[in-house]
Amino acid sequence: MRIKYLFILFLVVLPLSNDIVIAQDKYLEVEQFFRQEIADSLKIKGLQKRLAHFINNRDTLNIANTYFFLSNIRNNNTIAYADSIIIITKNKNYFRYPAEGYFIKANTNYQLGNYIKALELYIKASEAAKKNGNNRHYQAIKFNIGLLKNNAGDRKESEIIFADYVAFLDQNPTYRNRYNYNPGLFALADAYIHNKNLKLAEITIKKGIRETLKTKDSINYSYILVTSGIHQYLLNKYNKSIDSLKKGKKIIQKLDPLETRIATCDYYIGKSYKKLGNIEKSIIHFQKADTILRKTKDVIPEIIDVYDYLRAYAKSKNDYKLQIEYINTQLKLDSILHANQIHLTRNITRKYDAAELISEKEILIKQLEKDTFLKDNTISFLIIFSLILILIAIFGYRRSHVNKIRFQKLLEQQKANKENQSELIDTIQNDLVKKEDIDIPDDVVKSILKKLIDFEDQNRFARKHYTLNSLAKELQTNSAYLSKIINVYKNVNFANYLNNLRIDFAVDQLTINKSLRSYTIQAIAEEVGFKNAQSFSSAFHKKTGIYPSYFIKHLDN
């Protein structure tokens, strides 16, 4: 059962209690107005009136409170309100802020599928919450990070986080309510299911059903009911599985606009019917899941193998066109999965990877052509196909061999760079004599080269995005002199000079700092001064001949 949209809003998870109210904090007052059952337009009008009053009084804390409640009204300004909270409270260290601003932005990015950005923001929110001693907020953020890890395939780790979160709420009943406890139980049951801890899953499912019925929480009841259906499927109780899944699906169709939950129901109903030998009914539900996946493009790793069943069915009917159609759909959905930088495909169990699917697609196309036009060309086709496979294998082996050589060369070069670092100043002094006249006074050249050495030694190139003009200004010279000296003495232009420094720095840090290797490529890029992962990977490959992901993988090995 997918738990992508279970992230917990601080609004419903962390209502304030009397022991933490700060003097002049109007949070409860604003919250009381917000919770009134009135139209959103009236809520916005009332909140904006309060906002104007707080702004007039320069009341930063209550400005942030008002922005927070405005962000919880469905509109296109959520990110803007969150940014405003962060800007005005960043150095204030309020109990709820700026952590709340980061949290809102993280949830919004998570919902949009921007998982890497969401994780970065969750981490910032977590740090701020810990700094300000807001343990409840910290636990809620940790739970959402667990959801993100769960979607990334880190099932074991997410199970630990969910178990800790439920235990925290059990130990602190005053913090517990239907809005945080029920989703926590569902997430934990789902994690137990995926980790095949079926006994613990059964205990948690029963507890979740009791809690959701007691609190009249229909939506989480439906989720846990579906989880129970999956549990029954894993216990080989297929009729019970179908019953629970259909009941859960019926409630979800009424209450939850997220169609991918329905796709999960149809997928497991289809698998249950297949186990019972009712192939036609199983295909009907697999096709329903396929329809939703095509419509939403919101790929669910756990059920992507629905196309294995559909292709097998089409194959049994000798329907080559339908097989090709399913392959094209799966390839398209796979490309969406692979485009996601959190690598949500790690836990998918597929019969074929993308390359094999492409090969199978080509075979099917040729088979279809052979049946209609080219019946006499079977032997030729097989020979050509075999040659292609051989060429691919040769190319793959050669590329792997070359990459290994480049990896070893890079490590040796990095070691040599460190050993020769002490000779850098003397080398520059000698080069100064050898270089032809560049129409710049020697004392100026020496001064700029010395400043460049300091610039490199202090790794300042990794701290911000430099331009030629900004660096020239920092070194107290002009851009024309700096550009000419870099071209002559560094033998590269300014852009390549910076990139080379950053790549050498990245190689050095990745070699000695194991924790850095666990970062995303985007995070590593930012650590060493690049704006994004693409420019970093491109510059890394240009200088070293290999990509940073390959370098990190072989360092770990």
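Since the model is a prediction, treat every value here as computed from it, not as a measurement. Only heavy atoms go into these numbers, but all of them, side chains included; no hydrogens, no water, no symmetry mates. Numbers for residues simply follow the sequence, beginning at 1.
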Rounded to the nearest 0.5 Å, how far apart are [atom1] of [X] and [atom2] of [Y]?
X: N177; Y: L169; atom1: CG; atom2: CG; answer: 8.0 Å
X: N182; Y: T215; atom1: CG; atom2: OG1; answer: 4.0 Å
X: R96; Y: F68; atom1: CZ; atom2: CZ; answer: 8.5 Å
X: Y550; Y: F540; atom1: OH; atom2: CZ; answer: 11.5 Å
X: I141; Y: Q139; atom1: CD1; atom2: CD; answer: 10.0 Å
X: T212; Y: L185; atom1: OG1; atom2: CG; answer: 8.5 Å

For this session: Apply salt bridge (Lys or Arg N to Asp or Glu O under 4.0 Å) to the pair E31 and R35, showing each step before the final yes or no.
Result: CA-CA 6 Å; E31 181 190 32; R35 289 188 181 277; 3.1 Å; yes
Determine whether [X] and [Y] make a side-chain contact, defined as any pair of heavy atoms from C-beta on separated by less than 4.5 Å.
X: I252; Y: C265; value: yes
X: K216; Y: Y221; value: no
X: F34; Y: I73; value: yes
X: T204; Y: V166; value: no
X: L61; Y: Y27; value: no
X: I205; Y: I203; value: no
X: Y67; Y: T89; value: no
X: I512; Y: D508; value: yes

Under 3.5 Å side-chain donor-acceptor pair for [X] and [Y]:
X: Y94; Y: D25; answer: no
X: Y497; Y: E456; answer: yes
X: Y97; Y: N65; answer: yes
X: N72; Y: Y81; answer: no
X: S470; Y: T467; answer: yes
X: N532; Y: S535; answer: yes
X: S71; Y: N77; answer: no
X: N220; Y: D217; answer: yes

Determine whether a donor-acceptor pair (N or O, by modelled atom type, separation under 3.5 Å) exists between the side chain of [X] and the backbone of [Y].
X: N500; Y: N496; value: yes
X: N62; Y: K26; value: yes
X: R517; Y: I552; value: no
X: H231; Y: I193; value: no
X: S537; Y: A533; value: yes
X: N134; Y: A129; value: no
X: N172; Y: T174; value: no
X: N57; Y: D59; value: no
X: N56; Y: A52; value: no
X: N180; Y: Y175; value: yes

Exercise. Mind checking whether Y165 and F143 have parallel, tilted or perpendicular rings, split at 30° and 60°?
Worked result: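 It falls in the tilted class, 30° to 60°.
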Problem set entry | R502 to F536, cation-pi by 6.0 Å centre distance and 45° axis angle |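 Not flagged: R502 not positioned over aromatic ring of F536.
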Does [atom1] in [X] sit with more than 12 non-hydrogen atoms of other residues, nucleotides or ligands closer than 6.0 Å?
X: K43; atom1: NZ; value: yes
X: Q458; atom1: CD; value: yes
X: Q253; atom1: CD; value: yes

Check this for me: does any side-chain nitrogen of one of [X] and [Y] sit under 4.0 Å from a carboxylate oxygen of the other?
X: E120; Y: K124; answer: no
X: D454; Y: R460; answer: no
X: D170; Y: K207; answer: yes
X: E211; Y: K214; answer: yes

Which heavy atom of [X] sits nearest to which heavy atom of [Y], and what is that distance?
X: G101; Y: A82; answer: O-CB, 3.5 Å
X: F162; Y: A187; answer: CD1-O, 3.4 Å
X: G146; Y: I161; answer: CA-CD1, 3.8 Å
X: S218; Y: L255; answer: CB-CD1, 3.5 Å
X: A263; Y: A289; answer: O-CB, 3.8 Å

Exercise. Given the rule in the side chain to side chain contact (heavy atoms under 4.5 Å, CB included) test, do L501 and F455 qualify, once you have shown the distances and angles that lead to the verdict?
Worked result: CA-CA 10 Å; L501 288 174; F455 172 72; 4.0 Å; yes
For this session: Run the numbers on Y102 and Y122 for side chain to side chain contact (heavy atoms under 4.5 Å, CB included), then give the verdict.
Result: CA-CA 7 Å; Y102 291 121; Y122 279 136; over 6 Å; no
For this session: Evaluate the ring pair (Phe, Tyr, Trp, His ring centres under 6.0 Å) criterion for residues Y466 and F461: first the C-alpha distance (whole Å), next the side-chain angles of each, then the deciding distance (0.1 Å), finally the verdict.
Result: CA-CA 7 Å; Y466 280 98; F461 51 81; 8.7 Å; no
Problem set entry | Verdict with supporting geometry, R50 and H53, side chain to side chain contact (heavy atoms under 4.5 Å, CB included) | CA-CA 5 Å; R50 286 170 170 77; H53 171 74; 5.6 Å; no
Exercise. Under 6.0 Å between the ring centres of F33 and F69?
Worked result: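 Between F69 and F33, which both carry aromatic rings, the centre distance is not below 6.0 Å.
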Problem set entry | side chain to side chain contact (heavy atoms under 4.5 Å, CB included) assessment of I79 paired with N109 | CA-CA 9 Å; I79 292 292; N109 278 278; 4.3 Å; yes
Problem set entry | By side chain to side chain donor-acceptor pair (under 3.5 Å) - contacts of E159 (at least two apart) |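 Side chain to side chain donor-acceptor pair (under 3.5 Å) check on E159 returns N195, N197.
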Exercise. After noting the C-alpha distance and the side-chain angles of Y268 and K249, does the key distance pass the side chain to side chain donor-acceptor pair (under 3.5 Å) rule?
Worked result: CA-CA 11 Å; Y268 279 101; K249 176 183 174 182; over 6 Å; no
